[in-house]
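So that the names make sense, note that chain A is the first sequence line, chain B the second, and so on, each numbered from 1.
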There are 2 protein chains.
Amino acid sequence: MPRPSQKDQILAAARRLFSEKGYHGTTIREIAVEAGVLSGSLYAHIESKEDLLFEIADEGAEAFLLAARAVESKWQHPVDRLREGLRAHIRVVADQQESAKVFFHEWRALSDDRRKVIQSKRDRYEVHWRRWIEEGMAQGAVREADPKFVRLCLLSVANWVYQWYRPGGEFTPEDIAEHFWTLLFNGIGVDRPAACELLGEA
Amino acid sequence: MPRPSQKDQILAAARRLFSEKGYHGTTIREIAVEAGVLSGSLYAHIESKEDLLFEIADEGAEAFLLAARAVESKWQHPVDRLREGLRAHIRVVADQQESAKVFFHEWRALSDDRRKVIQSKRDRYEVHWRRWIEEGMAQGAVREADPKFVRLCLLSVANWVYQWYRPGGEFTPEDIAEHFWTLLFNGIGVDRPAACELLGEA
DNA sequence: AACTATAAAGCAAGCGCTTGCTTGATTAAC
DNA sequence: GTTAATCAAGCAAGCGCTTGCTTTATAGTT
């Protein structure tokens with residue numbers, strides 16, 4: 001295996017620093033130190049600081065899109081797609097936490113053109129979810145409700161993972177996905193109305 | 001009603017700009033323009049740029065704490081507290097979107113001491129939710145599950161509202177809270193097992 | 001194996017500009 | 001007549017990025 005190219009090391013440094021301190025809070029000189037070169041030398045590999053931001057935000061966008069396509073081709077039933085979509089989403093957030101963080105937060109710092117590129121990938125990702133949810137409702141497997149709120153329920157929970165997840169902690173991404181799916185699909189309320197309990201006992 | 005003091009106008013300018021472009025992405029000169037003075041004149045009212053950040057992040061923290069205390073004193077049953085807590089939380093995020101955004105995002109830019117102040121208020125807020133959830137479980141009204149994930153479910157959904165809510169849009173904060181509560185409490189899955197449907201028809 | 005040609009990569013220095021903040025004089029309010 | 005607020009001007013430091021030059025790695029020729 002070839003050792004990582006210098007460009008990769010610079011990207012890794014920027015990824016870490018942007019995700020930790022934000023784009024505007026990170027200087028070219030800090031990235032250079034973390035990559036082990038002088039700041040001027042960065043420009044043999046990149047064109048601008050914003051280039052780095054775009055590349056990292058795009059990594060995030062692509063990771064989510066890739067995950068959605070994989071789920072869609074592997075599973076057919078809408079409920080399977082929602083469950084596995086949630087799992088895949090959480091896996092991206094947890095395993096590519098830095099890129100995901102930059103994707104969620106720092107795209108505002110991009111120039112208009114590049115922001116549009118990221119925005120359009122975000123939109124395409126949402127379309128997958130909208131489709132899964134509407135198919136689930138059509139089949140009677142998902143509660144009849146405003147699909148927008150169903151989507152927001154699932155994605156809010158999955159997105160927020162980047163705020164608290166720490167690698168090597170108590171829970172793996174799989175654990176997290178399972179816990180959330182159980183709660184989101186069945187609700188945080190008690191299992192079933194009292195009448196149903198009676199039925200079970202009868 | 002007295003017109004807003006100059007300090008208030010400076011705070012309002014900083015609140016808007018910090019929430020839109022981030023702390024590091026906002027300059028003292030921009031705040032001054034928005035407040036209608038020259039940048040030097042700001043320093044008759046503030047001690048430093050970071051003072052502004054702290055004050056705004058603290059507004060957010062206090063708004064959430066205040067809301068939780070109000071819910072706790074007005075409602076006794078855990079499920080009521082959870083439902084009304086969700087509603088109150090979403091109201092804060094929507095009505096004080098700028099402070100909430102700064103509270104969620106920009107506290108990283110604070111000095112250690114001040115970050116700890118904000119962090120401890122965040123912790124105190126979480127204690128309310130943890131208590132409500134555990135009481136709900138003890139009473140058999142909330143599904144037996146890891147309380148941490150129940151809390152994260154509710155708060156993730158409510159927090160993420162700041163990412164998409166636009167004042168004057170299709171939904172009021174009350175609408176949003178109601179939609180989410182229905183979905184979170186009952187689940188996004190179909191209403192009930194088939195056996196219960198039969199019972200209903202009997 | 002030794003020498004040279006070429007290009008990639010790194011360095012020290014510093015460019016023009018912006019940053020947060022300070023200063024000393026001036027104005028306005030009571 | 002005192003005090004607080006505002007101004008124009010500017011400070012030191014740091015910003016993203018460029019420059020001119022040197023080092024290092026690779027390839028081809030002998």
Side-chain angles (χ1 to χ4, degrees), chain A residues 1-58 102 105-115, chain B residues 1-58 102 105-115:
Chain A
M1 196 172 75
R3 66 177 177 80
S5 75
Q6 194 67 286
K7 175 70 185 286
D8 288 340
Q9 277 190 262
I10 293 168
L11 263 175
R15 205 180 287 119
R16 210 190 65 68
L17 288 164
F18 288 170
S19 78
E20 184 189 318
K21 325 191 341 165
Y23 176 72
H24 289 301
T26 301
T27 70
I28 280 287
R29 284 163 177 84
E30 287 172 319
I31 297 171
V33 167
E34 182 117 346
V37 292
L38 290 200
S39 67
S41 310
L42 290 185
Y43 288 86
H45 305 275
I46 66 169
E47 296 232 312
S48 68
K49 186 187 174 189
E50 202 204 293
D51 276 8
L52 284 172
L53 175 59
F54 176 73
E55 230 165 304
I56 294 166
D58 196 55
V102 172
H105 273 116
E106 305 298 331
W107 56 272
R108 292 166 189 278
L110 286 168
S111 66
D112 278 2
D113 285 354
R114 289 173 147 175
R115 189 167 49 232
Chain B
M1 196 172 75
R3 68 176 177 79
S5 74
Q6 193 68 285
K7 175 69 185 286
D8 288 340
Q9 278 190 261
I10 293 168
L11 264 175
R15 205 180 288 119
R16 209 190 66 69
L17 288 164
F18 288 171
S19 79
E20 184 189 318
K21 325 189 346 161
Y23 175 72
H24 289 301
T26 302
T27 70
I28 281 288
R29 284 164 177 82
E30 288 172 319
I31 298 171
V33 167
E34 181 116 348
V37 291
L38 291 200
S39 67
S41 310
L42 291 184
Y43 288 87
H45 305 275
I46 66 170
E47 296 230 311
S48 70
K49 186 188 175 189
E50 201 204 292
D51 275 10
L52 284 172
L53 175 60
F54 176 73
E55 230 165 304
I56 294 165
D58 196 56
V102 172
H105 272 117
E106 305 298 330
W107 56 271
R108 292 166 189 278
L110 287 168
S111 66
D112 278 2
D113 285 356
R114 289 173 146 173
R115 189 167 49 230

Please list, in numerical order, the residues of residues 16-38 of chain B that have a heavy atom closer than 4.0 Å to any atom of DNA chain D.
B:R29, B:V37, B:L38
Nucleotide by nucleotide, 5' to 3', does protein get under 4.0 Å of the base (B), only the sugar-phosphate (S), or neither (-) in nucleotides 19-27 of chain D, counting heavy atoms?
---------
Relative to the 5' end of DNA chain D, which residue comes earlier, B:S39 or A:K49, by the nucleotide with the nearest heavy atom?
B:S39
How close do A:H24 and B:G25 get, heavy atom to heavy atom, and via which atoms?
CD2-CA, 3.5 Å
Look up atom NZ in B:K7 and atom CD in B:E55, then write down how far apart they are to the nearest 0.5 Å.
4.0 Å
Main-chain N/O of A:Y23 paired to A:K49 side chain as donor or acceptor, under 3.5 Å:
yes
Between A:Y43 and D:dT18, is there a side-chain N or O to OP1/OP2 distance below 4.0 Å?
no
For the backbone of A:K21 and the side chain of B:R108, can you confirm whether one donor and one acceptor N or O come within less than 3.5 Å of each other?
no
Integer-rounded Å distance: D:dC17 P and A:D51 CG:
9 Å
Would you check if A:R114 and A:D51 make a side-chain contact, meaning some heavy-atom pair closer than 4.5 Å?
yes
Within the 4.0 Å heavy-atom criterion, would you say B:S48 contacts the bases, only the backbone, or no part of the nucleic acid?
sugar-phosphate
Look at B:Q6 and D:dT6 and indicate whether a side-chain polar atom (N or O) is within less than 4.0 Å of OP1 or OP2.
yes
At less than 4.0 Å, is any side-chain N or O atom of A:H45 found next to OP1 or OP2 of C:dG10? Yes or no.
yes
Is there a donor-acceptor pair under 3.5 Å between the side chain of A:R29 and the backbone N or O of A:S39?
no
Computed from five pairs at either end and rounded to 10 degrees, the angle between the axes of the helix from C:dA1-D:dT30 to C:dC30-D:dG1 is 10°
Got A:L52 and A:R15 here, is their nearest side-chain heavy-atom distance under 4.5 Å?
no
Quick one: are B:V37 and B:Q6 in side-chain contact, heavy atoms under 4.5 Å?
yes
To the nearest 0.5 Å, how far apart are NE2 in B:H45 and CD1 in B:I10?
4.5 Å
OG of B:S48 to CG of B:L42, rounded to nearest 0.5 Å, is 11.5 Å
Checking B:L11, B:I46, B:T26 against B:I31 for side-chain contact (heavy atoms from CB on, under 4.5 Å), the one that qualifies is B:T26
